[in-house]
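Labels below follow one simple rule: chain letters A, B, ... track the order of the sequence lines, proteins then strands, and each chain is numbered from 1. FYI, side chains are in, hydrogens and waters are out, and symmetry mates aren't considered; it's all heavy atoms of this structure.
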2 protein chains.
Amino acid sequence: MKTDSKPHVRTRRDHSTETAEDYVEAVLQVIDSRGACRVVDLAKRFGVSHVTVTKTVSRLQAAGYLTSEPYGPIILTRKGRRVANESMKRHQIVLEFLLALGIGRSVAEVDAEGMEHHVSQETLSKFEAFVAGRKGDG
Amino acid sequence: MKTDSKPHVRTRRDHSTETAEDYVEAVLQVIDSRGACRVVDLAKRFGVSHVTVTKTVSRLQAAGYLTSEPYGPIILTRKGRRVANESMKRHQIVLEFLLALGIGRSVAEVDAEGMEHHVSQETLSKFEAFVAGRKGDG
DNA sequence: CCAAAATTGTAGCCATGGCTACAATTGATA
DNA sequence: TATCAATTGTAGCCATGGCTACAATTTTGG
Ligand SMILES: [Mn+2]
Ligand SMILES: [Mn+2]
Ligand SMILES: [Mn+2]
Ligand SMILES: [Mn+2]
């Protein structure tokens, strides 16, 4: 797990994996709700042009997260599915934590999307414990 | 405050202001502890080459956050000091929140460096309230 | 005061992630 | 089925933020 003593170095590393995590997560969710994932779906979701999505998808394909043929749908590889599931789980924990803290849902959803990539395993565990604790209360 | 319904759009905006915030904050702290801030100080702090710092400093100068003459020290403008103070305050709140949650100092410092840029005002307030609450306890 | 070390600047490269404009393909429907 | 709409691809642009290599300047020690 390499405990980077330099905070900014870790933050930069977090950012370098952020796109892959958000994309595979989105692909999984779109497939789950529409049957197949297309470039337009991701463009709408992320609020970017379809060109940006196409280029990113091609990078992620080269990196082994997904596959796609010309004019075809976007499909996750085994690796892509693994990362998507891990990311979704972590996203969920962060979101539930913010909700448990009493933050409004729409704000919590926005904050979680950015925060999720910077939460260490230790912090994630504390978040989980906190949520579990609030469930027990009244 | 514009409540971006699209999480990823907000996250991208957070990232677009991140460098300026981290730099002015660092400049303020270096000045405070060494009397003056130089390119090397920032390069060490951020774990990047002096070239990266030079280029970024020149961008931030163009954007009005700081000034610097050739081979001279880096000085914050009024705007730079304002942003630095705000950023330091927010950073401190996030850090103290993580510590109050029971996270180890070194991990908390690393996580805070990334998280701080994605915390909305509402969430920041809840963080503050949580820390204040734990202070009262035993 | 001068040489070596440290610092800073400059040139030029790369990857990521944005965009517009336009072309090609596919899908829907009249 | 022929056309129009939607989707996807491609070309080419930009800004940010990394880097190495080398040049210039400043600082420091003897
Ligand atoms: Mn995200
Ligand atoms: Mn997410
Ligand atoms: Mn930061
Ligand atoms: Mn971030």
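- A:Thr19 comes within 4.0 angstrom of the backbone, heavy atoms only, and of no base.
- Taking 4.0 angstrom as the limit, B:Arg38 places a side-chain polar atom (N or O) nearer than this to OP1 or OP2 of C:dT8.
- Residue-level contact check: B:Val51 touches the bases, meaning some heavy atom is under 4.0 Å from a base atom.
- Checking A:Tyr71 against A:Arg59, the closest nucleotide of DNA chain C that is more toward the 5' end is the one next to A:Arg59.
- Ring planes of B:Phe97 and B:Phe127: parallel class, angle under 30° (limits at 30 and 60°).
- Phosphate contact (OP1/OP2 of D:dG9, side-chain N/O of A:Thr54, threshold under 4.0 Å): present.
- Salt-bridge annotation for A:Asp41 and A:Arg45: absent, with no side-chain N of the basic residue lying under 4.0 Å from a carboxylate O of the acidic one.
- One finds a salt bridge joining B:Arg105 and B:Glu109 here, because a Lys/Arg side-chain nitrogen approaches an Asp/Glu carboxylate oxygen to under 4.0 Å.
- Closest contact between the side chain of B:Ser49 and the listed nucleotides C:dG9, D:dC19, D:dG9 involves D:dC19.
- Where B:His50 and A:Ser16 meet DNA chain C, the nucleotide closest to each residue was compared, and B:His50 sits on the side nearer the 5' end.
- Distances shorter than 4.0 Å separate none of the side-chain N or O atoms of B:Thr52 from OP1 or OP2 on D:dG17.
- Checked for salt-bridge contact, B:Arg90 and B:Glu86 miss the test: no charged N lies under 4.0 Å from a carboxylate O.
- Distance, A:Glu69 CD to C:dT25 P: 16 Å, rounded to whole Å.
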